[in-house]
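Below, each value reflects all heavy atoms present in this structure, side chains not excepted, and no hydrogens, waters or symmetry copies. Here is how names work: the chains are called A, B, and so on, in the same order as the sequence lines, proteins then strands, and each is numbered from 1.
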Number of protein chains: 2
Amino acid sequence: MLNQSEISAIRNFNRDYTKLLGIMNKKVLNTPLSWTEGRVLLEISFNNDKTPIEVATNLELDKSYTSRILKRFEKNDLISKSPSDTDSRSVELSLTADGQKLVKELDDRSNQQIKDLLTDLSTAEQKQFYQAMATLDNLLFTRK
Amino acid sequence: MLNQSEISAIRNFNRDYTKLLGIMNKKVLNTPLSWTEGRVLLEISFNNDKTPIEVATNLELDKSYTSRILKRFEKNDLISKSPSDTDSRSVELSLTADGQKLVKELDDRSNQQIKDLLTDLSTAEQKQFYQAMATLDNLLFTRK
DNA sequence: AAAAGTAGTGGACAAAGTCCACTATAATGC
DNA sequence: GCATTATAGTGGACTTTGTCCACTACTTTT
């Protein structure tokens, strides 16, 4: 069991990291998209032909909120909706060419951001960083 | 320099961790406070006699937004304001007894949350977790 | 003493998110 | 097959959260 000072250190890291992620997430939005919109678009890009409900549940968003976002996306010609052939209540979402272009942009920016973040570290330190993060990932997420 | 798959892994971790932190942050709010309000209260507790402007700049909040939060806090008797004796435009903030009590509650909850998060890990794994996080903290924040 | 800057507040608004009700279809129990 | 129950998607109405701007009262700079 961890002692109090270790727990405090973890909380401290979480606080700082929340802030960092917040800043990074905001910056990705030098696109016309809000953070949540960005997540939605990426979610669709991960797997074309996702339904709105899948997007909403994966991102833990309100379905009506999601619906509105998707409507905006359609209006701005980022995605298109096509009727599902297995469930006629539902629709399948796919990225338009513009949508794909924007995803690529977001993607490039995100990659660049990570590089920028690590730019002050030596190669050895970067590896160390990666290793430490892989450890956390494994302990928190992958194992489950 | 990290390769693309390593960068992707980092981004992936960031995405998952953002989500986790989001959930954890929301949960702390089984108090009457929103997340930002909680941060503000903690910020004051870190160092009594902070001024509103210090709080706002430390947390990167809009000062008018901060002002309103503080007003609410005062109304709910969580903090009190006393005129600064060095700058008569400014005020010094301090926690009331109720405020301190709430801080303690938030604090306990946060500690518990970390414990819960790690509860499925063995002691060795918890140490490993702590170590990995300390590495990240050092590379990202402490060094600077 | 004038000019420029800063602390704090409030009005007005925008953005983000929630809640509820509704329609249309699907799935389930019988 | 038919009634019941559940689910996908949408929209209205609202709350919460956060931003922008202008203003007052003071401080600092020159």
Open item on the list: Applying a 4.0 Å non-hydrogen cut-off, can you work out what Asp87(A) is touching in the nucleic acid: base, sugar-phosphate, or nothing?
Closed with: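 Sugar-phosphate contact only.
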
Open item on the list: Need one value for Thr51(B): base, sugar-phosphate or nothing, where a base atom within 4.0 Å counts as base even if backbone is also close, heavy atoms only.
Closed with: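 Here Thr51(B) touches the backbone only, sparing every base.
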
Is the base of [N] touched by the side chain of [X] through a donor-acceptor pair closer than 3.5 angstrom?
X	N	answer
Ser90(B)	dG8(C)	no
Arg89(B)	dT27(D)	no
Ser64(B)	dG10(C)	yes
Arg68(A)	dG12(D)	yes

Task: Minimum-distance pair of heavy atoms, taken over all atoms of Ile114(B) and Met24(B) - done: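 It is CD1-CE, 4.0 Å.
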
Task: Shortest non-hydrogen separation from Ile7(B) to Lys115(A) and the atoms involved - done: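 Closest heavy-atom pair between Ile7(B) and Lys115(A): CD1-CE, 3.4 Å.
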
Nearest-Å distance for atom pair [atom1]/[atom2], residues [X] and [N]:
X	N	atom1	atom2	answer
Arg72(B)	dG10(C)	CZ	C1'	14 Å
Glu37(B)	dG18(D)	CD	C1'	12 Å
Leu70(A)	dA8(D)	CG	P	14 Å
Leu61(B)	dA7(C)	CG	P	15 Å
Leu93(A)	dA8(D)	CG	P	13 Å
Leu59(A)	dT18(C)	CG	P	13 Å
Ile69(B)	dT9(C)	CD1	P	12 Å
Asp62(B)	dG10(C)	CG	P	14 Å

Side-chain donor-acceptor contact under 3.5 Å, [X] with [Y]:
X	Y	result
Thr135(B)	Gln131(B)	no
Asp62(A)	Ser64(A)	yes
Tyr17(A)	Asp137(B)	no

Please determine whether a side-chain nitrogen or oxygen atom of [X] lies at a distance below 4.0 Å from atom OP1 or OP2 of [N].
X	N	value
Thr36(B)	dG18(D)	yes
Lys63(A)	dA21(C)	no
Tyr65(A)	dG17(C)	yes
Lys71(B)	dG8(C)	no

